[in-house]
Amino acid sequence: MPLRLTLPDGTVKEFSASVTGLELAASIGKGLAAAALAVKLDGELRDLLRPIEKDAKVEIVTRKSPEALELIRHDTAHILAEAVQELFPGTQVTIGPNVENGFYYDFARAEPFSTDDFPKIEAKMREIVARDAPLVREEWSRDEAIKFFESKGEKYKAELIRDLAADQTITTYAQGAWKDLCRGPHLPSTGKTGTSFKLLKLAGAYWRGDSNNAMLQRIYGTAWRDDKELQAHLTMLDEAEKRDHRKIGKELDLFHMQDEAAGSVFWHPKGWTLYRTLENYVRRRIEKAGYVEVHTPQLFDSSLFKASGHWDMYGDNMFKVAVKSGDAPEDVKWLGIKPMNCPGHVQIFKQGITSYRDLPLRMAEFGNCHRNEAHGAMHGLIRVRQMVQDDAHIFCTEDQIQSESLAFCEVLRSMYAELGFDVARVRLADRPEKRTGSDEVWDKAEGALHSALKAAGLDYDMNSGDGAFYGPKIEFYLKDAIGREWQCGTLQVDFNMPERLDASYVGEDGQKHRPVMLHRAILGSLHRFLGVLIEHYAGKFPLWLSPVQATICTITNDAEGYAQEVFDALTAAGIRAKLDIRSEKINAKIRDHSLQKVPLILVVGKKEAEAKTVALRRLGGEAQEILGLEDAVKTLSAEAMPPDLRG
RNA sequence: GCCGAUUUAGCUCAGGGGUAGAGCAACCGCCUUGUAAGCGGUAGGUCGUGUGUUCGAAUCACACAAUCGGCACCA
């Protein structure tokens, strides 16, 4: 039987018997054979030296192919593992997968590694690359493989093999004397990986991601095709560090945090201006979308959270307050500080009798919520113990779920666009193990979200088992200026909470019915969103969001009176302005306010005072525009208008 | 919560068993300045908290706290 292999350009190559990818490449050209790293067989990546035995569409993977990076990174992980075992005998290997932009490898070793070991390990890795040992694929029987790894003291590898499906082919890859359990594929030899890699971070990680298991030591690294790509990536990491919202928050005097209130934010005047500007924007947008705003208590008797299920489900992460309820020491009643707004909103819904004519009822609240997050979870504004969400609950009928979800998706898309983001990804998280409500109800809720997403025309993938305990959720991800994705928006269908808290409305038929609750947020936690926003803009906010929009700088004292006049005019027009009449050179003032990322610097000296003009310098630019004062006020206040208020 | 690292002036950071250093910022003067740092001076710290070792601790040990990088968690 001749073997027919179809190349990407459509040419068909015939062979009398099986060939390896390398032989195939050689039959096409000498250069290709030299550049070949692997082959793609009907879309499946395979080793270059593995015989091809059936007709297929084939593609030779070279260093230029997108797949090359995957191979390089995974091979580098193997090389890291070998280097570590050569340098630190007795260290056990576990797993070492690729991650975005790199890879990691988890090791079991009693002694902790130190980043001081990195140069030594990297040097050993380069040595292994230089040895250029061929990577040889070997197939094993299950028992032999277990025996082999156990004989080497590799308990984790043996455990992995035991858990593989019985019919799974067990393969190892050898590079010289060193061997690792691996599915492959790999590059033909260690020399092909190159040395454009760098070890980056050291971290603890649980075996198999389970906190009941042993803590392993994880080494993260990055690997690229060449040094130029590596350098570009390292530059990007530097850039991300420069944008760190904790750093910028300090530099721009937006907020601070301190030990006595771990996980909570002290908003300084500028940060709070930013916060309120954003909050007011959301407030206008949702008001336009037919929401009503409410405000509910901070403290509730535990009975409410017990009824809602939060006390049992998240009690450990709630702040609880014991209050004396009698004279005896055991006379104590428990209150809970709200970790979310939903039970409170149901209480408002339950006041009086709600008719089907009142639905959908869209109830919004910027409520302060407290969650006792684990110490290790906290991270600047991104993960805090006290936060406010742009939270709302839509009480509606089952029939209204789809149209409400659609309308929500539209508002979300438009708001993200106005804030400078695109929706990068949408995921549907379905039922988790720990949940309330029957499977029938979950079927219904998940089905409703699937059809809403289809109706909205959004592509989405599944995030299995990651729903909330009361219902499935849609997660909206946005992409920031340096390509990172953040999950902010969410829409959750909940058939359970109205049942648990006994909410009902009177239907057209005069009977009582349960409403459906849609929990939804667009920005999510405002704290977290502001963190993302600061990093996205690197502190250079669009004019309408800037805490200080304009600074008026005098050149000499003579201009002070006029500068005050300019300041008053801008302030009266609603522009957030500051006046800088310090006895400093104009260079120093320009530098200070530029570093403070003030978008507009208005310079006034003798000339401007006489002509009633301003010399405008925009952040990032060097040119100056000379504008008449009236004209400047008009132009700038129009520019400073929030996007939803522009004509 | 788990693993590792870190914590010195408002900020960024150096130092290190014999009692504390720089730059920037602040304050006070001088300078009256034309688009990214003008000059001089002054002041500022129980070296995260506690306990211990020591003749002596900011330095060494232990505990705790917070922070950082991950992991686990994220209603």
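This structure is a prediction, so every number in the text was calculated from the model and none was measured. Letters go in sequence order (proteins before strands), and every chain restarts at 1.
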Chemist: Tell me whether the OP1 or OP2 atom of B:rG38 has a side-chain N or O from A:Lys585 closer than 4.0 Å.
Modeler: no

Chemist: Kindly say if A:Lys338 contacts the phosphate of B:rA75, meaning a side-chain N or O under 4.0 Å from OP1 or OP2.
Modeler: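 No, because none of the side-chain N or O atoms of A:Lys338 sits under 4.0 Å from OP1 or OP2 of B:rA75.
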
Chemist: Taking atom P in both B:rA63 and B:rG21, compute the distance separating them and give it to the nearest angstrom.
Modeler: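 Roughly 32 Å separates the two P atoms.
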
Chemist: Grab the CZ-P distance between A:Arg218 and B:rA72 for me, whole Å please.
Modeler: 7 Å

Chemist: For the base of B:rC31, is there a side-chain donor-acceptor partner from A:Ser583 under 3.5 Å away?
Modeler: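 For A:Ser583, whose side chain was compared with the base of B:rC31, there is a donor-acceptor pair (under 3.5 Å).
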
Chemist: Given atom CG of A:Asp580 and atom C1' of B:rU35, what is their separation to the nearest angstrom?
Modeler: 13 Å

Chemist: Taking the P atom in each of B:rA36 and B:rC11, what is the distance between them to the nearest angstrom?
Modeler: 29 Å

Chemist: Classify the nucleic acid contact of A:Pro112 as base, sugar-phosphate or nothing, counting any heavy atom under 4.0 Å across all strands shown.
Modeler: sugar-phosphate

Chemist: If you take atom types as modelled and just measure distance, does the side chain of A:Glu608 reach the base of B:rG34 with a donor-acceptor pair under 3.5 Å?
Modeler: yes

Chemist: Could you check A:Gln258 against A:Arg371 and say which one's nearest nucleotide on RNA chain B is further toward the 5' end?
Modeler: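 In this pair, the answer is A:Gln258.
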
Chemist: Going by modelled atom types, is there a donor-acceptor pair between the base of B:rA36 and the side chain of A:Arg617 at under 3.5 Å?
Modeler: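 When only heavy-atom distances are counted, A:Arg617 does reach the base of B:rA36 through a donor-acceptor pair under 3.5 Å.
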
Chemist: Answer with yes or no after comparing the ring centroid distance for A:Phe103 and A:Tyr105 against a 6.0 Å cut-off, counting only values under it.
Modeler: no

Chemist: Expressed in whole Å, how much space separates the P atoms belonging to B:rA58 and B:rU49?
Modeler: 10 Å

Chemist: Using only heavy-atom distances, decide whether a donor-acceptor pair under 3.5 angstrom links the side-chain of A:Arg383 to the base of B:rC74.
Modeler: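 A donor-acceptor contact between them is present.
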
Chemist: Using the C1' atom as the reference point in each nucleotide, state the distance between B:rA25 and B:rC60 in Å, no decimals.
Modeler: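 Taking atom C1' in both B:rA25 and B:rC60, they lie 35 Å apart.
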
Chemist: For A:His379 and B:rA66, give me the distance from atom NE2 to atom P, rounded to whole Å.
Modeler: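 The answer, rounded to whole Å, is 17 Å.
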
Chemist: Please identify which of these residues, A:His393, A:Arg362, A:Arg520, meets the side chain to side chain donor-acceptor pair (under 3.5 Å) condition with A:Tyr291.
Modeler: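 It is A:Arg520; the other options fail the test.
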
Chemist: Would you call A:Lys247-A:Glu241 a salt bridge at under 4.0 Å N-O?
Modeler: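 No, this pair does not count.
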
Chemist: Quick check on B:rC71: is either OP1 or OP2 less than 4.0 Å from any side-chain nitrogen or oxygen of A:Tyr206?
Modeler: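 No, because none of the side-chain N or O atoms of A:Tyr206 sits under 4.0 Å from OP1 or OP2 of B:rC71.
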
Chemist: Whole Å only: how far is the CG atom of A:Asp106 from the C1' atom of B:rA72?
Modeler: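 Spelled out: CG on A:Asp106 to C1' on B:rA72 is 13 Å.
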
Chemist: With a cut-off of less than 4.0 Å, is there a side-chain N or O of A:Tyr105 near OP1 or OP2 of B:rG70?
Modeler: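 No.
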
Chemist: Rounded to the nearest Å, what distance is computed from the NE2 atom of residue A:His256 to the C1' atom of nucleotide B:rU12?
Modeler: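 Rounding to the nearest Å, NE2 of A:His256 and C1' of B:rU12 are 18 Å apart.
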
Chemist: Describe, in one word, how the ring planes of A:Phe421 and A:Tyr537 are oriented to each other, choosing from parallel (under 30°), tilted (30 to 60°) and perpendicular (over 60°).
Modeler: tilted

Chemist: Decide yes or no on side-chain hydrogen bond (donor to acceptor under 3.5 Å, both in side chains) for A:Glu365 and A:Thr296, but give the supporting numbers first.
Modeler: CA-CA 8 Å; A:Glu365 176 170 4; A:Thr296 60; 2.8 Å; yes

Chemist: Just how far, in rounded Å, is C1' of B:rU67 from CD of A:Glu260?
Modeler: 13 Å

Chemist: Tell me the interatomic distance from A:His519, atom NE2, to B:rA75, atom C1', rounded to whole angstroms.
Modeler: 9 Å

Chemist: Indicate, yes or no, whether a donor-acceptor pair under 3.5 Å links the base of B:rU32 to the side chain of A:Asn557.
Modeler: yes

Chemist: Could you please name the option among B:rU33, B:rA75, B:rC2 that lies closest to any side-chain atom of A:Ile586?
Modeler: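 Looking only at heavy atoms from C-beta outward on A:Ile586, the closest nucleotide is B:rU33.
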
Chemist: Looking at A:Lys606, I'd like to know whether one of its side-chain N or O atoms comes within less than 4.0 Å of OP1 or OP2 on B:rU32.
Modeler: no

Chemist: Report the distance from atom NE2 of A:His393 to atom P of B:rA75, rounded to the nearest whole Å.
Modeler: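 Nearest whole value for this atom pair: 13 Å.
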
Chemist: I'd like to know if A:Glu610 pairs up with A:Lys606 as an ion pair, taking the criterion as any Lys NZ or Arg NE/NH1/NH2 lying under 4.0 Å from an Asp or Glu carboxylate oxygen.
Modeler: no

